[in-house]
2 protein chains.
Amino acid sequence: MNPSAAQLGPPAPEPAEGQPEPARRERKKRQTRDALILAALKLFEVKGYEHTAVREITDAVDVSERTFFRYFASKEDLAVSFIRDRTALFLRALAARPPAEDPLTAVRNAYHDSLAESAPDSAENMATYLSVVRLIESTPALLAANLRYLHDHDYEIVGILARREGVDPATDRRPRLLAAMFGTIAFLASQEWRDKGCPGPEVLAAAFDAYADQMTAALAGHWS
Amino acid sequence: MNPSAAQLGPPAPEPAEGQPEPARRERKKRQTRDALILAALKLFEVKGYEHTAVREITDAVDVSERTFFRYFASKEDLAVSFIRDRTALFLRALAARPPAEDPLTAVRNAYHDSLAESAPDSAENMATYLSVVRLIESTPALLAANLRYLHDHDYEIVGILARREGVDPATDRRPRLLAAMFGTIAFLASQEWRDKGCPGPEVLAAAFDAYADQMTAALAGHWS
DNA sequence: CAGATTATGTCAGTCAATGACAAGTGTCAA
DNA sequence: TTGACACTTGTCATTGACTGACATAATCTG
């Protein structure tokens with residue numbers, strides 16, 4: 001049982017595997033994991049991330065502090081677990097885009113796909129996700145963790161892009177460049193979205209598109 | 001005496017202010033600050049960042065642990081203090097570029113300027129800087145701190161760009177976009193540079209240019 | 001030199017994170 | 001059902017980053 005081994009969105013019943021798991025043990029793990037996340041978010045919202053001790057979270061769920069760290073590598077890790085799920089969604093969406101699309105188009109569409117896939121999941125789910133984003137965007141430490149997570153997983157995007165276009169990521173800089181630029185504008189978009197008060201997902205998508213649209217314009221010449 | 005109030009490159013004798021400071025106190029502060037940085041880097045290089053306790057650093061300099069935290073907000077803070085200096089150089093360089101240059105050109109030239117300004121500073125200085133970059137690039141925690149620092153100061157670049165081009169950063173996304181993209185490629189460049197073994201500064205500059213050159217190409221169509 | 005500033009040391013304490021070992025619980029086959 | 005085996009959890013002890021409070025000592029200022 002290594003920390004954050006099995007990442008999964010909160011109460012989203014596993015795609016159902018055959019029979020190979022008599023369930024009780026796994027079910028309990030999932031329960032405590034979900035309970036920890038839920039209690040943590042609740043506390044974070046009230047007292048703020050920094051001022052919530054791990055101890056308080058585990059007390060609320062009635063498990064030992066040690067157990068917490070067997071589920072999550074760190075306090076940060078819990079907070080960004082949602083981001084992890086979103087990123088995984090995006091990666092799958094990107095891999096699924098038709099090869100006929102050029103890289104930028106594929107990335108843009110994949111972003112929308114992943115957003116659409118997670119958004120209507122359930123209203124309650126969306127609300128939770130929104131509160132997490134709000135939390136992350138307003139907590140410097142989590143913002144940094146988020147940044148770091150995105151960076152650590154850029155190479156996966158790079159791999160998919162390079163495969164799609166049949167280029168060698170070791171010599172061709174374009175896949176790395178596009179992957180990094182995607183991360184950048186996704187980040188800018190969620191900032192703008194937060195500044196607007198985290199309205200609906202479609203506003204986030206619109207902000208993303210606006211940034212994507214202006215990339216070449218920003219590089220062009222004078223802005224007059 | 002708040003932490004990291006006065007950031008300055010290591011042994012670079014202050015631009016000399018009139019007379020208003022009878023010096024001794026300031027001189028001593030500078031001394032211990034430099035001594036802490038020096039001892040820290042030496043230890044980091046030998047034992048690695050994570051495995052060097054603040055206690056060991058302060059023992060080497062013979063000050064109390066508490067004093068360390070009066071000079072640096074955190075252990076990370078010490079390590080990225082060099083990055084701060086470099087960023088400050090870049091900002092000044094960017095502000096100094098002629099307004100006739102279009103934004104992208106100005107940013108690229110400013111990057112080279114700041115590199116040139118710090119590089120020949122002194123051979124020993126350069127060596128120190130290189131070891132810091134190596135350290136940061138090979139320590140996940142520091143990489144994250146670096147990322148965060150860059151992000152936290154994007155707004156300064158945004159401000160300069162917006163002023164240069166006479167646009168409103170609140171409504172026009174282009175300054176934010178270019179600032180973020182600059183950060184991205186500067187980051188990619190230093191990674192590539194590290195992977196090549198941190199050769200000379202000109203190699204870093206070349207990598208930066210290569211990325212800058214390919215930005216539009218990466219956004220264009222298929223890469224074939 | 002007196003008296004206001006300011007830096008430093010000491011101390012006690014919080015909080016995150018980890019290793020080691022014991023105790024409890026679930027699983028599976030005989 | 002039972003008993004061996006695989007995990008999971010709790011307990012305990014420890015390290016290390018960081019902070020607040022207060023006393024002390026050094027450096028200004030006049």
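To find a chain, count down the sequence lines: A is the first, B the second, and so on, and within it residues start at 1.
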Would you say the side-chain atoms of [X] pair up with the backbone N or O of [Y], donor to acceptor, closer than 3.5 Å?
X        : Y        : value
A:Lys75  : A:Tyr49  : yes
A:Lys196 : A:Leu204 : no
A:Trp193 : A:Pro201 : no

Between [X] and [Y], is there a side-chain N and carboxylate O pair less than 4.0 Å apart?
X        : Y        : value
B:Arg84  : B:Asp77  : yes
B:Asp113 : B:Arg97  : yes
B:Asp154 : B:Arg176 : no
B:Arg134 : B:Glu45  : no

- Task: Check each residue of residues 132-147 of chain B for a non-hydrogen atom within less than 4.0 Å of any atom in DNA chain D, then write out the ones that pass by number, or none.
- Result: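 Those residues whose heavy atoms fall under 4.0 Å from DNA chain D, taken from residues 132-147 of chain B, amount to none.
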
- Any idea which of C:dC15, C:dG9, D:dT19 is nearest the A:Ala53 side chain?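 So the nucleotide nearest the side chain must be C:dC15.
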
- Task: With the side chain of A:Arg70 defined as its heavy atoms from C-beta on, choose the nearest nucleotide among C:dA20, D:dC18, C:dG9.
- Result: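 The listed nucleotide nearest to A:Arg70's side chain is C:dA20.
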
- Which sits closer to the 5' end of DNA chain C, A:Arg55 or A:Arg66, going by the nucleotide each is nearest to?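 Result: A:Arg55.
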
- Message: Using a heavy-atom cut-off of 4.0 Å across all strands, would you classify B:Thr58 as base, sugar-phosphate, or nothing?
- Response: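 B:Thr58: no heavy atom of the nucleic acid under 4.0 Å.
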
- Base, sugar-phosphate, or nothing for A:Thr67, non-hydrogen atoms under 4.0 angstrom?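 The answer is sugar-phosphate, as A:Thr67 gets under 4.0 Å only of primed atoms, P, OP1 or OP2.
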
Quick one: [X] [atom1] to [N] [atom2], roughly how many Å, whole number?
X       : N      : atom1 : atom2 : answer
A:Lys28 : D:dT9  : NZ    : P     : 9 Å
A:Glu56 : C:dT14 : CD    : P     : 13 Å
A:Glu76 : D:dA17 : CD    : C1'   : 14 Å
A:Glu65 : C:dT14 : CD    : P     : 13 Å
B:Ile57 : D:dA17 : CD1   : C1'   : 11 Å
B:Arg25 : C:dA4  : CZ    : C1'   : 10 Å
B:Glu26 : C:dT8  : CD    : C1'   : 15 Å
A:His51 : D:dC18 : NE2   : P     : 16 Å

- Contact under 4.0 Å: B:Tyr71 side-chain N or O vs C:dA7 OP1/OP2: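 Answer no for this pair, as no side-chain N or O of B:Tyr71 is under 4.0 Å from OP1 or OP2.
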
